[in-house]
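The next block holds one structure in the form of structure tokens; read it before the comments.
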Amino acid sequence: MEAASVVFSLGGLRITSTVVTTWGILMAFGMSCWLATRRLSVDHPGLVQTALEGVVQSIEAAIEGVLPGRAGLLLPFVGTLWLFVAVANLTGIVPGLHAPTGNLSTTAALACLVFVSVHWFGIRSEGLKNYLRHYLVPSPILLPFHLLGEFSRTIALAMRLFGNIMSLEMAALLVLLVAGLLVPVPVLMLHIVEALVQAYIFGTLALIYIAGGMQSHAAAEHCEEPSSNDTKGSTL
């Protein structure tokens, strides 16, 4: 896959095609939201409003399945993350453009957002003391391993999306070079399906990580229960 080319510079800061494409996606999101929400109606919803409500309800149901009662809190972040990754992955099918998620810098930035959100929602839900406490359960000796797990899953989250999208674009390019224009439709359909699947996996993993952070106190108490029961049994 070709490296992102520099489009222009702002002082010493080089703006690459990946950044420009990402800005374009964000602008398209903003414009689409403005256009779609101008004429919302409760009594006579249009086709666009009905479709958008279906998307929102689907994301809300997915969040409820993991964290019941917390969909209202997580929907803005998780829903935006899902939609952005899906659109970014699909950008690769546009002639002359590459998917921003095929660049490691983009996926690393998304993984860092997930990393920060895990701790933000965890502290907001459990409180700072209870949230930090779960790193010391069942033993303070495991603290380095807990911290290592936090960073390693963030790196894995970034590398997984980057590797899958990059390999997907390279495979499509190789097939088109070998077969020419004889098989564009199957390759295009494969690209769309795989792009949506990878977006779903990324968003689901982010949701699971956030759910783990928000339920850290309950998990810590669950880990402490066996040890307390063993202590009672030994005294008896």
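Quick note: residue numbers are just sequence positions, from 1. Just so you know, these numbers use all the heavy atoms, side chains as well, and skip hydrogens, waters and symmetry mates. Keep in mind that what you see is a predicted model, and the values were worked out from it rather than measured.
Within a 6.0 Å radius of CG in L13, more than 12 heavy atoms belonging to other residues, nucleotides or ligands are found. Taking a 6.0 Å sphere around CZ of F29, one finds it holds more than 12 heavy atoms contributed by other residues, nucleotides or ligands. Counting heavy-atom neighbours within 6.0 Å of I141 CD1, excluding the residue itself, gives a total of 12 or less.
Residue G46 comes nearest to T50 through the heavy atom pair O-OG1, 2.8 Å, listed as atom of the first residue, atom of the second, then distance. Closest non-hydrogen pair, A99 versus A88, comes out as CB-O, 3.2 Å. Minimum interatomic distance between H146 and Y135 (heavy atoms only, all atoms of both residues): CD2-O, 2.9 Å. Scanning all heavy atoms of the two residues, the minimum distance from L168 to A195 falls at CD2-N, 4.2 Å. When all heavy atoms are compared, the tightest approach of A71 to I63 is CA-CG2, 3.6 Å. For L196 against A86, the heavy-atom pair with the smallest separation is CD2-CB, 4.2 Å.
Put simply, CD1 on I93 and CD1 on I192 are 4.5 Å apart, with the number rounded to the nearest 0.5 Å. In this structure, the separation between OH on Y209 and CZ on R153 is 6.0 Å, given to the nearest 0.5 Å. Considering CG of L148 and CG of L143, their distance stands at 11.0 Å, rounded to 0.5 Å. Distance check: E126 CD to L128 CG gives 12.0 Å after rounding to the nearest 0.5 Å. To the nearest 0.5 angstrom, S152 atom OG is 12.0 Å from F145 atom CZ. In this structure, the separation between SG on C33 and CG on L52 is 8.0 Å, given to the nearest 0.5 Å.
Taking the side chain as every heavy atom from C-beta outward, L81 and L113 never approach each other to under 4.5 Å. Side chains of Q198 and L161 form a contact here, defined as non-hydrogen atoms less than 4.5 Å apart. A heavy-atom distance below 4.5 Å is found between the side chains of L104 and M159. Here the side chains of E169 and H191 are in contact, with some heavy-atom distance below 4.5 Å. Between I123 and L132, every side-chain heavy-atom pair lies at or beyond the 4.5 Å cut-off. Contact check for F121 versus L74: side-chain heavy atoms found under the 4.5 Å cut-off. Within the 4.5 Å cutoff, the side chain of M214 has heavy atoms near those of the L73 side chain. Between T106 and N103 there is a side-chain heavy-atom pair separated by less than 4.5 Å.
Counting only residues at least two apart or on different chains, no side-chain hydrogen bond (donor to acceptor under 3.5 Å, both in side chains) pair has a member in residues 26-37. Within the structure, every pair that satisfies the side-chain hydrogen bond (donor to acceptor under 3.5 Å, both in side chains) test and touches residues 69-91, not counting sequence neighbours, is listed here: R70-S125, N89-T101.
Judged purely by atom type and a 3.5 angstrom limit, T154 uses its side chain to pair as donor or acceptor with the backbone of E150.
A continuous path of hydrophobic side-chain contacts links L157 to V197 [ILVMFWY only; heavy atoms under 4.5 Å]. A single hydrophobic cluster is seen to contain both V55 and I201, as judged by linkage of ILVMFWY side chains at heavy-atom distances under 4.5 Å, directly or through other members. Criterion: ILVMFWY side-chain heavy atoms under 4.5 Å apart, direct or through other members. Under it, Y200 and I59 are part of a common hydrophobic cluster. When hydrophobic clusters are built by joining Ile, Leu, Val, Met, Phe, Trp and Tyr residues whose side-chain heavy atoms come closer than 4.5 Å, directly or via intermediates, L83 is grouped together with V193. Hydrophobic cluster membership differs between V56 and L40, with clusters built from Ile, Leu, Val, Met, Phe, Trp and Tyr side chains linked at under 4.5 angstrom.
A cation-pi geometry, defined here as NZ or CZ lying under 6.0 Å from the six-membered ring centre and within 45° of its normal, does not hold between R160 and F202.
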- Could you please spell out the steps behind the side-chain contact (heavy atoms from CB on, under 4.5 Å) verdict for V48 and L35? CA-CA 10 Å; V48 175; L35 292 175; over 6 Å; no
- Message: Go through it in stages, so that I can follow the logic: the residues are T21 and H98, the test is side-chain contact (heavy atoms from CB on, under 4.5 Å), and I'd like the CA-CA distance, side-chain angles, deciding distance and then a yes or no.
- Response: CA-CA 8 Å; T21 304; H98 293 291; over 6 Å; no
- Test side-chain contact (heavy atoms from CB on, under 4.5 Å) applied to F77 and I210, step by step: CA-CA 11 Å; F77 176 74; I210 293 173; 3.8 Å; yes
- Run the side chain to side chain donor-acceptor pair (under 3.5 Å) check on E53 and Q49 step by step: do they pass? CA-CA 6 Å; E53 288 178 354; Q49 180 179 342; 3.0 Å; yes
- Query: Given the rule in the side-chain contact (heavy atoms from CB on, under 4.5 Å) test, do F84 and T22 qualify, once you have shown the distances and angles that lead to the verdict?
  - Reply: CA-CA 9 Å; F84 174 80; T22 303; 3.9 Å; yes
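Annotation: F115 is in aromatic contact with F151 [ring centroid separation under 6.0 Å].
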